[in-house]
2 protein chains.
Amino acid sequence: MSVAAKIERGRGVSLWRQIAEKLQSDIAAGIYLPGTQLPTEQELAAKYSVNRHTVRRAIGSLAEEGALTATRGRGTFVSERTILYPISERTRFSEIVSANKRQPGGRLISSGEEAASAEVAEHLGLEEGEMVIRGETLRVADGRPITVGTYWINKSLVPNFIADYAELGSVSKVFERAGCGDYRRTKSWVSAVPCDAHDAGLMQITAGAPILEVYSINVTESGEPIQYTRARFRGDVVQLELGN
Amino acid sequence: MSVAAKIERGRGVSLWRQIAEKLQSDIAAGIYLPGTQLPTEQELAAKYSVNRHTVRRAIGSLAEEGALTATRGRGTFVSERTILYPISERTRFSEIVSANKRQPGGRLISSGEEAASAEVAEHLGLEEGEMVIRGETLRVADGRPITVGTYWINKSLVPNFIADYAELGSVSKVFERAGCGDYRRTKSWVSAVPCDAHDAGLMQITAGAPILEVYSINVTESGEPIQYTRARFRGDVVQLELGN
DNA sequence: AATATTTGTATACAAGTCTATACATTTATT
DNA sequence: AATAAATGTATAGACTTGTATACAAATATT
């Protein structure tokens with residue numbers, strides 16, 4: 001390891017910028033964990049073969065952004081930043097994470113069709129046993145898991161959901177194509193519960209850790225229920241923000 | 001249009017580098033077509049609100065890379081670069097296009113199952129009439145069509161191909177998931193033929209124009225035929241490179 | 001209390017980036 | 001042949017980036 005990290009000179013990107021991006025991606029990759037100390041400026045300068053002041057500038061730009069905190073005499077530490085997650089009519093994960101100056105990401109865990117349970121049918125305005133689309137996604141910020149969401153979709157409003165989702169890779173884009181781009185959240189229920197084993201594995205926390213559970217209903221512009229969701233947020237990273 | 005393009009100062013990325021990247025992405029987006037003249041240095045300098053020499057440096061870096069050609073007294077033009085396409089054991093479109101300093105892309109034209117023709121069955125080691133997966137893709141470099149490929153896949157080796165392809169969006173990734181990541185090309189046949197109307201439409205050339213037609217067989221590490229392909233390359237853009 | 005470690009500040013200088021101006025050279029047009 | 005337009009070259013200065021060195025101030029350790 002630590003094989004003279006690759007910084008390119010003379011390509012139009014300043015050294016401090018390259019180092020800042022490398023540090024940020026190392027944080028996102030979990031190489032430097034929140035709360036832990038970064039190597040000292042001297043060490044980083046040696047690692048990247050640059051002057052200490054160049055490292056200082058890289059650290060400075062990340063500190064200004066809130067990702068690092070430097071204290072004279074102690075060292076530089078990775079911030080433990082919580083994500084402020086507003087629960088409003090218009091809630092879009094990637095926009096929220098970007099607004100928190102983190103890099104959003106995610107992956108599809110599973111998807112398919114199933115018969116609606118009584119609970120799902122009630123909230124989607126269907127009969128129990130009708131076929132609905134069910135999907136589960138894991139969302140991350142700076143490479144760290146934030147939330148797992150399970151959702152059920154009214155098939156009649158978005159007939160080609162699975163194929164379209166495969167093509168577009170985003171629920172909201174599929175809704176848009178189906179003419180339901182202006183969907184909105186109507187009701188939400190929030191509770192704090194212990195995390196089960198399945199979610200704990202996905203979110204990389206221990207089972208039983210407190211998580212926020214949010215049930216909500218999304219409706220089309222005309223008020224028809226289109227999506228019922230059950231989202232679980234890591235309690236140690238996310239703060240929900242209610243009200244307008 | 002032309003609303004004072006956004007160049008950021010003081011963020012660690014030099015202006016010439018930002019302009020070079022913008023020009024390159026404009027070329028990739030087809031805003032500046034191969035063979036056409038770029039705006040003059042004066043005009044570009046005005047557009048980006050920088051000195052002419054800064055634009056010159058951006059153009060210089062792209063010219064060195066082969067993307068632009070400047071001639072004194074005439075102007076600066078987008079190069080008509082051919083893509084050197086090696087036909088080797090390990091052939092991956094996106095890697096090749098990137099190696100040619102172009103931006104790879106593509107879209108799925110069609111996919112489904114069909115009964116294997118005698119020709120397909122023979123090359124996949126199956127019986128005529130057995131069901132195989134058939135797909136057709138259009139591949140582009142810098143936004144311009146390069147090749148249309150039709151392929152037939154041995155269903156028994158990649159059972160979930162269609163669903164996995166929808167999720168992963170790449171043939172090689174699906175093969176990887178099926179445990180056949182190390183597939184390789186064994187045989188290829190090359191010929192020059194006139195382009196038919198269907199391919200002409202996809203590749204945006206006139207029917208009858210000469211194209212390169214390459215049939216090939218991909219096999220798994222253990223030598224089982226997994227994919228039979230028929231690729232058509234635009235003769236005016238692609239040069240095949242044989243041998244190591 | 002003394003010491004070592006670490007970040008913060010200051011100053012000087014070298015190198016790279018961007019601007020400004022002027023002029024040369026080639027090409028295309030009139 | 002003359003002119004205009006475009007790229008190529010040259011030079012000088014302001015600004016930014018990176019290096020070098022020294023020292024101050026806060027923290028942790030002994």
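Below, chain A is the first sequence line, B the second, and so on; all start at residue 1. Scope of the values below: all heavy atoms of this structure, side chains included, with no hydrogens, waters or symmetry mates.
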Fill in: Toward the 5' end of DNA chain C, by each residue's nearest nucleotide, A:Gln42 or A:Val13
A:Gln42

Worksheet item: For the atom pair OH (A:Tyr48) and CD (A:Gln18), what is the distance rounded to the nearest 0.5 Å?
Response: 10.5 Å

Response to the item:
When A:Arg9 and B:Pro39 are each assigned the nearest nucleotide of DNA chain D, the 5'-most assignment goes to B:Pro39

Fill in: Interatomic distance where CD belongs to B:Glu41 and P belongs to C:dT26 [whole Å]
16 Å

Worksheet item: Is any side-chain N or O of B:Thr76 closer than 4.0 Å to OP1 or OP2 of D:dT7?
Response: yes

Item to complete: Taking the side chain as every heavy atom from C-beta outward, state whether B:Tyr165 and B:Leu108 have any pair of such atoms under 4.5 Å apart.
Response: yes

Worksheet item: Which residues pass the side chain to side chain donor-acceptor pair (under 3.5 Å) test with B:Thr150, sequence neighbours left out?
Response: B:Glu136, B:Arg232

Discussion item. Any base atoms under 4.0 Å from A:Arg56, or only sugar-phosphate, or nothing? Heavy atoms, all strands.
Written reply: base

Worksheet item: Separation of A:Arg17 atom CZ from D:dG18 atom C1', in whole Å?
Response: 17 Å

Fill in: B/S/- contact track for nucleotides 20-30 of chain D, protein heavy atom under 4.0 Å
BB---BBBS--

Worksheet entry | Spacing between A:Trp16 atom CH2 and D:dT19 atom P, to the nearest angstrom | 14 Å

Discussion item. From CD of A:Gln18 over to C1' of D:dG18, roughly how many Å is that when rounded to an integer?
Written reply: 13 Å

Practice prompt. Evaluate the criterion side-chain contact (heavy atoms from CB on, under 4.5 Å) for residue pair A:Leu44 and A:Ile59; output intermediate values, then yes/no.
Written response: CA-CA 10 Å; A:Leu44 288 172; A:Ile59 290 174; 4.2 Å; yes

Worksheet item: Which residues satisfy the side-chain contact (heavy atoms from CB on, under 4.5 Å) test with A:Leu240, sequence neighbours excluded?
Response: A:Tyr85, A:Ile87, A:Val190, A:Leu212, A:Val214, A:Phe233, A:Val238

Worksheet item: Nearest-Å distance, CD (A:Glu43) to C1' (C:dT7)?
Response: 13 Å

Worksheet item: At what distance, to the nearest 0.5 angstrom, does CH2 of B:Trp16 lie from CD1 of B:Ile7?
Response: 12.5 Å

Give every donor-acceptor pair under 3.5 Å between a side-chain atom in residues 30-39 of chain B and any protein atom, sequence neighbours left out.
unit_1, atom_1, unit_2, atom_2, d
B:Thr36, OG1, B:Leu33, N, 3.3
B:Thr36, OG1, B:Leu33, O, 2.5
B:Gln37, NE2, B:Arg74, O, 3.2

Worksheet, complete the sentence: Separation of C:dT19 atom P from B:Ile19 atom CD1, nearest Å, is 8 Å

Worksheet item: Where each residue is assigned the nucleotide of DNA chain C containing its nearest heavy atom, which of A:Ile59 and B:Thr54 is assigned the position nearer the 5′ end?
Response: A:Ile59

Fill in: Global bending angle along the helix from C:dA1-D:dT30 to C:dT30-D:dA1, which compares the axes of five pairs at either end, to 10 degrees
20°

Worksheet item: If you look at every strand shown and take non-hydrogen atoms under 4.0 Å, does B:Arg57 touch a base, only sugar-phosphate, or nothing?
Response: sugar-phosphate

Discussion item. I want to check something: taking the side chain as every heavy atom from C-beta on, are B:Arg139 and B:Val97 in contact at a cut-off of under 4.5 Å?
Written reply: no

Worksheet entry | Any pair counted as salt bridge (charged side-chain N to carboxylate O under 4.0 Å, His left out), so long as it reaches residues 176-193 of chain B, sequence neighbours left out | B:Glu89-B:Arg184, B:Asp164-B:Arg177, B:Glu167-B:Arg177

Worksheet item: Counting side-chain heavy atoms from C-beta on, which of C:dT17, D:dA6, D:dG18 comes nearest to B:Thr40?
Response: D:dA6

Item to complete: Kindly compute the distance separating CG (A:Asp199) from CG (A:Leu202), expressed to the nearest 0.5 Å.
Response: 6.5 Å

Discussion item. Measure CD/B:Glu8 against P/C:dC18 and give the value in whole Å, please.
Written reply: 14 Å

Worksheet item: In whole Å, what is the span from the CZ atom of B:Arg11 to the C1' atom of C:dT17?
Response: 18 Å

